[in-house]
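Written out below as structure tokens is the structure these notes cover.
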Protein chains: 2
Amino acid sequence: MKITHDFKKIMHDANLKCTAPRELVIALLYEKHLPLSAQDIFEQLKKKNTIDLATVYRTLASFEKAGLVKRIDLRTDTVLYELNTLHHHHIVCTHCGRVEDFDLCEVDRLMKKVASQSSHFNVVSEHTLEFFGVCTACTS
Amino acid sequence: MKITHDFKKIMHDANLKCTAPRELVIALLYEKHLPLSAQDIFEQLKKKNTIDLATVYRTLASFEKAGLVKRIDLRTDTVLYELNTLHHHHIVCTHCGRVEDFDLCEVDRLMKKVASQSSHFNVVSEHTLEFFGVCTACTS
DNA sequence: TTGAATGCAAATCGTTTGCATCTCA
DNA sequence: TGAGATGCAAACGATTTGCATTCAA
């Protein structure tokens, strides 16, 4: 099932107008299933479409505000975005940049511990967790 | 004990020359004990000293390469730096920006799990882990 | 019809770099 | 003395913004 089937509903639920650029961006994020930078998205899309880099930035900003995408920091020079689907984290190869998803997250338990230990925080609502290593392809 | 006592040794071990800007930067990071941006450091130091913003950037870069400081991403608009002391993480108030250290880290176990589950990574050497919530001062 | 979204260009801001000068080792 | 570090100014690159035009609702 392509994301575009749901596009109208998604936009409507997010109180955003259905526009060509928005559909292009969301479809690309869905297709690639990887954290992408605004530049990445722009480069990919402009091959076959008319789209402006500023529009990509504005689109990502409104998507983020609507909770449709999430900013990811993988120690790259620029911020990356990915669809805000199921909670997951990443393993990044520090050598070639390969990114793999990592679904297992046991941080919830840890978050409760954080809250109970801290004198200034009672509730910890979010966390970032990313792993870095060297992938098998780069090791051999 | 002030860090400046050890400054010469630290610089020597890191193969870096002892200079006034470097001592200022390292002393400030030690004193504040908080993640600071290059701009932060520059603003603080220029009140009482002659220092250039470019020097701050270069100092942080050489410190990072030498393993003296660590880049921290707390979802702020710019990257922050702190002394690379004992392994720890942070809890950040998403309302006022307050930062608290969090020493407990049980991610080592998780890292092994990550490595064993992944088909492309055998070794996971590093991780980032930050918590976000609203602090008690902002809740009340 | 109208407010929001787009494209284009210019502005902004954090960061980096070139270069002459200075300073530590 | 010589390599590396600094200060200053200019360059750079990612991101943002102003504005006229277009478009979805």
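Residue numbers start from 1 in every chain, and the chains themselves are labelled A, B, ... in the order their sequence lines are given, proteins ahead of strands. Here the structure is a predicted model, which is why all the values come from computation and not from measurement. Just so it is clear, the values below take in all heavy atoms, side chains as well, and ignore hydrogens, waters and symmetry mates.
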**Message:** Heavy atoms only, 4.0 Å cut-off, all strands: where does B/Leu53 land among base, sugar-phosphate and nothing?
**Reply:** base

**Request:** Check every atom of C/dC19, D/dA3, C/dA5 against the side chain of B/Lys17 and return the nucleotide holding the closest atom.
**Result:** D/dA3

**Request:** Report the distance from atom CG of A/Asn15 to atom C1' of D/dA25, rounded to the nearest whole Å.
**Result:** 12 Å

**Message:** Need one value for B/Thr50: base, sugar-phosphate or nothing, where a base atom within 4.0 Å counts as base even if backbone is also close, heavy atoms only.
**Reply:** sugar-phosphate

**Asked** How do B/Gln39 and B/Cys18 order along DNA chain C: which one's closest nucleotide is nearer the 5' end?
**Response** B/Gln39

**Request:** Could you state the atom-to-atom distance from OH of A/Tyr57 to P of D/dT16 in whole Å?
**Result:** 7 Å

**Item:** B/Thr55 side chain, from C-beta outward: closest of C/dC8, D/dT6, C/dT15
**Value:** D/dT6

**Fill in**
B/Leu24 atom CG is separated from D/dA5 atom C1', nearest whole Å, by 14 Å

**Message:** What I'd like to find out is whether the side chain of B/Val56 reaches to under 4.5 Å of the side chain of B/Leu60, using heavy atoms alone.
**Reply:** yes

**Prompt:** Just how far, in rounded Å, is P of C/dC24 from CZ of B/Arg22?
**Reply:** 11 Å

**Request:** Select from A/Arg71 and B/Thr19 the residue whose nearest nucleotide in DNA chain D is closer to the 5' end of that strand.
**Result:** B/Thr19

**Request:** Ignoring the backbone of A/Thr78, work out which of C/dT6, D/dT15, C/dC8 is nearest its side chain.
**Result:** D/dT15

**Distance in angstrom units between A/Asp77 CG and D/dG13 P, rounded** = 12 Å

**Asked** Can you name the closest pair of heavy atoms from B/Gln39 and B/Tyr57 and give their distance?
**Response** NE2-OH, 3.8 Å

**Asked** Mapping A/Arg58 and A/Ser37 to their closest nucleotides on DNA chain D, which lands nearer the 5' end?
**Response** A/Ser37

**Linked, directly or transitively: B/Ile72 and A/Val92 (ILVMFWY side chains, under 4.5 Å)** = no

**Fill in**
Taking every heavy atom of A/Phe132 against every heavy atom of B/His127, the minimum-distance pair comes out as CD1-CA, 4.2 Å

**Message:** Would you say that B/Leu129 contacts B/Phe102 through its side chain, given a criterion of any heavy-atom pair below 4.5 Å between the two side chains?
**Reply:** no

**Item:** Between D/dC23 (C1') and A/Lys8 (NZ): distance, integer Å
**Value:** 14 Å

**Request:** Select from B/Leu16 and A/Thr59 the residue whose nearest nucleotide in DNA chain C is closer to the 5' end of that strand.
**Result:** A/Thr59

**Asked** Whole-Å distance between C/dC19 P and B/Asp52 CG?
**Response** 17 Å

**Request:** In whole angstrom, give the distance that lies between atom CG of A/Leu60 and atom P of D/dT16.
**Result:** 10 Å

